[in-house]
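Heads up: numbering here begins at 1 and tracks the sequence.
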Amino acid sequence: KDENGYYSKPLKVMLCSTGTNTPKTGTYKITYFKKEWLALQGKVYGQYCTQIVGDILFHSVPYLEYGNPESLEYWEYDKLGQEASLGCIRLTVKDAKWIFDNCNAGTKVEFYSSDNPGPLGKPEIEKISQNEELRNWDPTDEKEQNPWIPYLEERKNKIEELNKVIKIILLTILIISAIIALLLSPVFNIQTIEVVGNKQISKEEIKSLSGIEIYENLFKVINKKVE
């Protein structure tokens with residue numbers, strides 16, 4: 001709620017598919033009709049169905065078999081974000097379940113058309129059709145037997161490990177660069193040259209022969225030899 005007690009603050013953004021019969025304008029209220037699985041038009045089935053008005057519902061992308069979460073129409077899942085349904089609002093399982101669990105009868109649903117995606121922006125999802133081993137499941141379905149869960153967890157761990165390695169490499173480069181910069185800084189410049197213990201050659205001649213100059217960096221001349 002905002003400071004005036006109205007539900008005006010955006011909380012979640014969901015990618016969906018609508019259709020030719022989806023209302024283009026108007027405000028409706030969610031009814032009491034909800035079904036975890038429901039037969040839809042075209043001999044397909046939806047998960048977490050919540051009625052808005054008439055035949056217009058929130059529900060998951062369709063499945064080929066009733067009660068079987070492993071029968072997803074994956075090609076329709078990849079259409080989320082564009083017009084693809086007959087009129088219902090298709091969502092990922094996770095989003096359809098969120099509405100199913102959290103939006104009670106009487107919750108207002110407003111339909112409008114705009115090029116502005118709103119303050120939360122338009123979300124993106126990963127296409128799944130190319131993954132033949134997993135594509136029959138909705139990746140967002142939280143059922144324990146969903147093979148996407150261990151797959152995504154493993155991929156997340158690999159990315160985290162890779163990021164750690166990259167951070168270590170960058171930190172190492174930064175430390176080495178800092179050390180080199182310090183060693184070559186004026187802190188290690190030669191301030192004075194003293195010649196002691198020699199009576200055969202003058203101090204000036206020894207300094208000249210050494211090739212060492214005042215204010216030259218110590219580590220640049222450390223390997224120099226007097227001829």
Side-chain angles (χ1 to χ4, degrees), residues 11-24 26 28-113 117-118 120-156:
L11 179 64
K12 288 177 68 68
V13 58
M14 303 176 183
L15 195 65
C16 69
S17 288
T18 57
T20 53
N21 295 323
T22 305
K24 302 299 186 288
Y28 303 86
K29 292 183 179 181
I30 286 177
T31 73
Y32 287 95
F33 182 83
K34 292 187 178 187
K35 291 289 184 180
E36 189 167 341
W37 283 93
L38 182 69
L40 307 174
Q41 295 185 43
K43 296 181 180 180
V44 293
Y45 309 90
Q47 267 202 94
Y48 302 111
C49 304
T50 301
Q51 186 184 42
I52 303 170
V53 58
D55 293 333
I56 308 300
L57 303 96
F58 291 114
H59 62 69
S60 70
V61 173
Y63 291 82
L64 296 173
E65 300 175 13
Y66 181 87
N68 182 5
E70 197 175 357
S71 62
L72 180 72
E73 288 189 332
Y74 53 82
W75 56 93
E76 295 296 332
Y77 182 93
D78 284 352
K79 294 178 184 177
L80 285 172
Q82 56 187 289
E83 190 172 286
S85 74
L86 293 176
C88 288
I89 291 82
R90 295 178 180 177
L91 302 157
T92 65
V93 167
K94 184 176 182 179
D95 288 341
K97 187 176 187 301
W98 190 92
I99 292 175
F100 188 90
D101 291 339
N102 294 283
C103 297
N104 297 324
T107 300
K108 292 182 180 180
V109 180
E110 181 181 358
F111 291 89
Y112 67 95
S113 298
L120 300 183
K122 183 177 179 178
E124 296 181 357
I125 60 170
E126 180 179 351
K127 306 296 184 183
I128 65 172
S129 291
Q130 299 301 317
N131 194 324
E132 296 182 7
E133 293 184 6
L134 307 178
R135 66 188 184 186
N136 293 321
W137 278 85
D138 183 312
T140 70
D141 196 326
E142 296 179 350
K143 295 180 180 63
E144 291 183 1
Q145 61 268 40
N146 187 349
W148 281 101
I149 295 175
Y151 172 84
L152 294 174
E153 184 66 24
E154 181 181 359
R155 188 172 69 177
K156 176 185 175 183

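- Residues Glu83 and Thr20 have side chains in contact (heavy-atom distance under 4.5 Å, counting atoms from C-beta outward).
- Annotation for Glu65 and Ser71: closest pair N-OG, 3.1 Å, computed over non-hydrogen atoms.
- The only member of Trp137, Tyr48, Trp37 that meets ring pair (Phe, Tyr, Trp, His ring centres under 6.0 Å) when paired with Tyr63 is Trp37.
- In this structure, the side chains of Phe100 and Leu91 stay at 4.5 Å or more apart for every pair of heavy atoms.
- Contact check on Arg155 versus Glu126 returns a salt bridge, with a Lys/Arg side-chain nitrogen under 4.0 Å from an Asp/Glu carboxylate oxygen.
- Atom OG of residue Ser60 and atom CD of residue Glu73 lie 10.0 Å apart, to the nearest 0.5 angstrom.
- Using a 4.5 Å heavy-atom threshold, the side chains of Tyr45 and Asn68 count as separate.
- Within the 4.5 Å cutoff, side-chain heavy atoms of Ile99 are placed close to those of Met14.
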Please lay out, stage by stage, how Val53 and Phe111 fare under the test side-chain contact (heavy atoms from CB on, under 4.5 Å).
CA-CA 12 Å; Val53 58; Phe111 291 89; 5.6 Å; no
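- Looking at heavy atoms from C-beta onward, Thr92 lies out of side-chain contact with Val61 at the 4.5 angstrom threshold.
- Remark: Lys43 NZ is loosely packed, at most 12 non-hydrogen atoms of other residues, nucleotides or ligands lying under 6.0 Å away.
- Annotation: Gln145, atom CD; neighbour count of heavy atoms from other residues, nucleotides and ligands within 6.0 Å is above 12.
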Derivation and outcome, side-chain contact (heavy atoms from CB on, under 4.5 Å), residues Glu144 and Ile149
CA-CA 8 Å; Glu144 291 183 1; Ile149 295 175; 5.9 Å; no
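- Looking at Gln47 and Asp138, their side chains never bring a donor and an acceptor atom within 3.5 Å of each other.
- Few gaps surround CD on Gln82; more than 12 heavy atoms of other groups in view lie less than 6.0 Å from it.
- When all heavy atoms are compared, the tightest approach of Asn146 to Pro150 is O-CD, 3.5 Å.
- In plain terms, the two heavy atoms of Asp55 and Cys88 that are nearest each other are O-SG, 3.2 Å.
- Looking only at distances, a side-chain donor or acceptor of Lys24 sits under 3.5 Å from a matching main-chain atom of Thr22.
- The minimum heavy-atom distance between Leu72 and Arg135, with the atom names listed, is CD2-O, 3.9 Å.
- Shown here for Ile56 and Ile89, the closest heavy-atom pair between the two residues is CG2-CD1, 3.8 Å.
- A donor-acceptor pair is defined here as one N or O able to donate and one able to accept, closer than 3.5 Å; such a pair exists between the side chain of Lys127 and the backbone of Asp78.
- Using a distance-only test at 3.5 Å, with no hydrogens or angles considered, no donor-acceptor pair links the side chain of Asn136 to the main chain of Tyr74.
- More than 12 heavy atoms of other residues, nucleotides or ligands sit less than 6.0 Å from atom NZ of Lys79.
- A distance of 10.0 Å separates OG1 in Thr107 from NZ in Lys29, rounded to the nearest 0.5 Å.
- In terms of the side chain to side chain contact (heavy atoms under 4.5 Å, CB included) criterion, residue partners of Gln51 (sequence neighbours excluded) are, by chain and number, Thr31, Phe33, Leu57.
- Using a 4.5 Å cut-off on side-chain heavy atoms (C-beta onward), Leu38 and His59 make no contact.
- Minimum heavy-atom separation, Pro123 to Val13: CD-CG2, 3.5 Å.
- The distance from atom CD1 of Ile128 to atom CH2 of Trp75, rounded to the nearest 0.5 Å, is 10.0 Å.
- Within 6.0 Å of atom NZ in Lys122, 12 or fewer heavy atoms from other residues, nucleotides or ligands are found, so the atom counts as exposed in its surroundings.
- With contacts defined as side-chain heavy-atom distances shorter than 4.5 Å, the pair Ile30/Asn104 does not qualify.
- Atom NZ of residue Lys97 and atom OG1 of residue Thr140 lie 11.0 Å apart, to the nearest 0.5 angstrom.
- Side chain of Trp148 to main chain of Leu134: a donor-acceptor pair is present (N/O by atom type, distance under 3.5 Å, no hydrogens or angles).
- The side-chain heavy atoms of Tyr77 and Pro139, taken from C-beta on, include a pair separated by under 4.5 Å.
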